[in-house]
Amino acid sequence: MLNKIFCKNMKLSAVFLTCSLMQQNIYAGFFDQLGQGLKQSLSGSAVQQATTPAKGTAQKVTVPTGSVKKTVNIRSGPGTSHGKSGSLNSKSMIRILGTEGNWLQIEADTSNGLVNGWVYKPLVSIDGTTTMLASDVARATSATATSAATTGAIQGNSPSQNRSQSVQYAGYSLAFQPVKSMMAKGNLSGIDSFFTDREKTVLKNKSKWDSIEEIGLLRWMERGTLYLDKGDLENSITAYSNAEDILTVREGDSKVSDFFSSITSFATETVSGNEEFQEYPGVGYEKVLMLNYKSISFLLDGQRKAYNVSRRAIDWQNMEKEKFRDEIEAIKKEKKKQKVAVADSNEDWNKKYKALDKIANKVPSAFVNPFGYYVTGMIQEFESKKDPSLKDNARIAYQKALELNPKSTVLKQAVKDMKSKKNYGNKRLLHLVVGDGFVPEKKMLIYNIPANNGSVIPVKLPIYEPVASKVARVELQTSGGKRLAKLSMVADIEAICLRHQKDSEAFRSLKMILATVRATGVTAVTSQFGSLGNKVGSAVNDTAAPDMRSWMSLPAKLQAARIYVSKNTKNLKVVSFDSRGRRLASKSIKLNGQSDAFIYARSVDKQLYVHNSKALWTASH
């Protein structure tokens with residue numbers, strides 16, 4: 001926190017002025033040197049072609065393990081167009097190093113020695129984890145990439161034309177795969193052990209707040225999802241409260257530091273490849289969803305506190321929107337001012353991102369999550385049953401939610417009903433929210449750029465990719481199987497995530513430059529910045545990778561149904577179906593008494609976790 005040192009004990013206005021000038025001075029030189037360094041690296045005149053691993057303790061990473069279900073071919077790349085390099089017998093044990101589509105990049109020990117390559121994912125069972133040296137993972141994945149690139153050259157592409165690329169799991173996204181596998185198999189207790197086993201050592205002799213900080217923002221958000229899916233509301237509320245506290249403290253600490261440090265930190269970490277060793281900052285839309293999920297936990301616990309949390313979610317979304325806009329404008333302005341040669345958005349490396357625009361374009365920005373307004377409307381509607389004057393407040397909240405998602409059937413009907421004078425006092429109101437699937441995964445795009453001197457520059461960038469779900473629709477049914485409601489979208493988290501990626505193109509093009517500088521070891525760039533440059537240069541090594549962290553247990557979408565049923569209704573069912581209309585999962589719900597209720601369910605392929613709320617606060621008034 002350099003700016004805290006420089007700006008300590010100064011008045012707030014002077015602090016902002018000083019930090020602003022410092023940032024401008026640093027970036028004026030930094031962007032200029034990056035532009036020169038990139039030109040040198042691509043022309044083959046860089047100081048070094050490769051970097052040397054930093055001295056010190058070897059870095060270890062956790063990777064998923066599995067076994068093949070039957071004899072499977074090993075291929076040199078992710079697809080049947082790539083040649084066969086061998087095979088594995090049924091029940092052979094493998095280590096999973098990456099993935100692309102329906103293909104897994106693997107390594108295995110065989111009677112003929114160590115083999116690596118790509119196998120067809122449906123023929124593999126993922127069942128555990130192990131640790132490997134990061135350098136071994138890099139060696140294995142590099143060998144496979146080289147083989148695929150060679151195949152391309154044999155098929156007619158000269159080395160100077162071939163810009164091979166692959167997408168694979170790495171870092172956090174790789175280590176988290178066993179958790180997702182356990183969620184899909186219904187093993188939530190195994191997930192709890194997965195977290196606690198890793199926290200025992202680091203939390204020993206720590207104070208309460210130090211323990212909260214040590215576990216960190218991301219793990220508290222992941223834990224909140226786990227506890228909520230288990231129906232452990234006390235721990236879910238605690239987890240999300242800890243996450244909110246961390247963000248609140250950081251926000252207070254960074255009032256005078258963000259402008260100075262945001263892009264400097266971003267640039268330094270990208271050049272050094274040291275991104276995953278920093279505090280996880282959280283993405284803007286994740287912070288909003290954290291509060292959305294905290295409100296769900298309070299609703300299930302029957303507490304009106306959900307209302308205040310939802311109002312904060314609305315406010316945070318507006319603040320994060322402004323912050324993101326300012327960051328993008330700052331980068332664009334500085335790049336234009338310094339005339340930095342940015343990576344062309346139409347280049348091959350960007351095509352994988354462009355291919356996701358169809359999903360991203362479903363929403364106009366990453367800050368159109370209507371769930372906060374939906375929950376405030378829901379709470380006011382619950383209360384309007386006894387105080388009709390609140391009905392118009394509920395209509396306004398639903399209307400604001402609808403403005404953010406104009407296609408939502410459930411929101412349209414809610415607005416219509418709130419305008420109606422019909423009295424539903426003799427019926428019970430039910431709100432069902434279902435989180436389905438998984439949010440897009442953050443993976444590593446490895447793009448090999450050929451330099452004029454014949455060498456290949458491997459550039460690593462983060463990329464979000466959608467996660468396929470078997471679930472095509474979810475219904476609320478009577479105990480006898482009659483459909484009461486087909487759930488409709490409230491918040492399209494998948495689209496919001498990919499929209500954030502699309503709108504971050506200014507960051508991405510800068511990352512491309514910085515990652516290229518790091519990959520080619522352009523020491524001339526970092527040496528221009530004295531101690532800061534030395535720090536950057538000393539951290540450069542050949543196992544560096546971009547930050548692969550994201551809130552991976554989030555669902556891809558939040559759907560909802562809102563219905564009135566007879567107060568005598570005792571049991572209902574939540575049922576999920578695939579695209580061919582076949583039932584995937586079904587769970588019964590036992591309603592409490594005759595009062596209104598909120599129900600939350602999590603759907604992951606053939607698994608359904610369903611929880612009914614405790615008696616709502618309205619039942620006691």
Side-chain angles (χ1 to χ4, degrees), residues 61-132 136-137 139-148 150-152 164-170 173-187 190 194 352 437-438 440-441 443-446 465-472 552 556 578-580 582 584-585 604-607:
V61 296
T62 302
V63 301
T65 59
S67 60
V68 297
K69 298 176 182 178
K70 62 180 183 179
T71 301
V72 61
N73 291 322
I74 303 175
R75 296 187 178 272
S76 61
T80 55
S81 61
H82 295 273
K84 299 177 185 178
S85 58
S87 64
L88 290 172
N89 295 326
S90 175
K91 299 183 180 179
S92 294
M93 303 304 294
I94 61 173
R95 295 177 288 278
I96 301 166
L97 311 179
T99 182
E100 183 165 354
N102 274 328
W103 292 83
L104 297 175
Q105 191 173 20
I106 61 95
E107 180 181 81
D109 297 302
T110 70
S111 58
N112 295 322
L114 190 67
V115 297
N116 55 63
W118 295 80
V119 298
Y120 190 48
K121 185 176 180 180
L123 300 181
V124 171
S125 294
I126 301 174
D127 50 26
T129 63
T130 188
T131 57
M132 293 178 65
D136 287 343
V137 175
R139 169 194 48 73
T141 54
S142 296
T144 309
T146 301
S147 175
T150 303
T151 301
S164 63
Q165 55 181 281
S166 63
V167 177
Q168 61 189 45
Y169 290 112
S173 67
L174 179 63
F176 199 80
Q177 292 308 302
V179 175
K180 297 179 73 172
S181 178
M182 285 185 273
M183 287 184 73
K185 293 176 181 177
N187 183 15
F194 180 89
K352 288 224 178 252
F438 287 111
E441 297 173 312
K443 300 180 183 178
M444 183 164 66
L445 170 64
I446 302 177
E465 288 195 330
V467 179
S469 172
K470 294 179 181 178
V471 178
M552 293 184 67
D578 66 13
S579 59
R580 297 174 63 181
R582 296 175 298 190
L584 292 172
V604 180
D605 291 338
K606 294 184 179 182
Q607 293 294 329

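No experiment lies behind these values; they were computed from the predicted model shown. Heavy-atom basis, side chains included; hydrogens, waters and symmetry copies ignored.
Between the CG atom of Leu584 and the CD atom of Gln607 there is a distance of 10.5 Å, given to the nearest 0.5 Å. From Lys185, atom NZ reaches atom CD1 of Ile126 across 8.0 Å, with rounding to the nearest 0.5 Å. Remark: Ser90 OG to Lys69 NZ distance equals 11.0 Å, nearest 0.5 Å. Interatomic distance, Thr71 OG1 to Asn89 CG, rounded to the nearest 0.5 Å: 5.0 Å. In this structure, Lys443 NZ and Ser173 OG are separated by 8.0 Å, a value rounded to the nearest 0.5 Å. Distance OG1/Thr80 to CH2/Trp103: 6.0 Å, rounded to 0.5 Å.
Proximity of Ser67 to Met93: side-chain heavy atoms (C-beta onward) are separated by under 4.5 Å at one or more points. Side-chain atoms of Pro78 and Gln105, non-hydrogen and from C-beta on, never get closer than 4.5 Å to each other.
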- Item | Pair Asp109-Arg95, side-chain contact (heavy atoms from CB on, under 4.5 Å): steps then yes or no | CA-CA 9 Å; Asp109 297 302; Arg95 295 177 288 278; 3.0 Å; yes
- Does the side-chain contact (heavy atoms from CB on, under 4.5 Å) test come out yes or no for Leu88 and Val115, once each step is laid out? CA-CA 9 Å; Leu88 290 172; Val115 297; 4.3 Å; yes
- Test Leu97 against Asn116 for side-chain contact (heavy atoms from CB on, under 4.5 Å), laying out the working first. CA-CA 10 Å; Leu97 311 179; Asn116 55 63; 5.5 Å; no
- Task: Begin from the C-alpha positions of Val167 and Glu465 and carry the test side-chain contact (heavy atoms from CB on, under 4.5 Å) through to its verdict.
- Result: CA-CA 9 Å; Val167 177; Glu465 288 195 330; 3.7 Å; yes
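The closest donor-acceptor contact from the side chain of Asp605 to the backbone of Lys470 lies under 3.5 Å.
For Lys91, the NZ atom is loosely surrounded, since the number of other residues' heavy atoms within 6.0 Å does not exceed 12.
Arg582 pairs by the salt bridge (charged side-chain N to carboxylate O under 4.0 Å, His left out) definition with Asp578, not counting sequence neighbours. In terms of the salt bridge (charged side-chain N to carboxylate O under 4.0 Å, His left out) criterion, residue partners of Lys180 (sequence neighbours excluded) are, by chain and number, Glu441.
Pairing each heavy atom of Asn102 with each of Tyr120, the nearest pair is O-CD1, 3.5 Å. When all heavy atoms are compared, the tightest approach of Met183 to Phe438 is SD-CE2, 3.7 Å. Closest approach of Pro178 to Pro64, counting heavy atoms only: CD-CG, 4.4 Å.
Looking at Ile94, Leu114, Ile96 one by one, the single match for side chain to side chain contact (heavy atoms under 4.5 Å, CB included) with Glu107 turns out to be Leu114.
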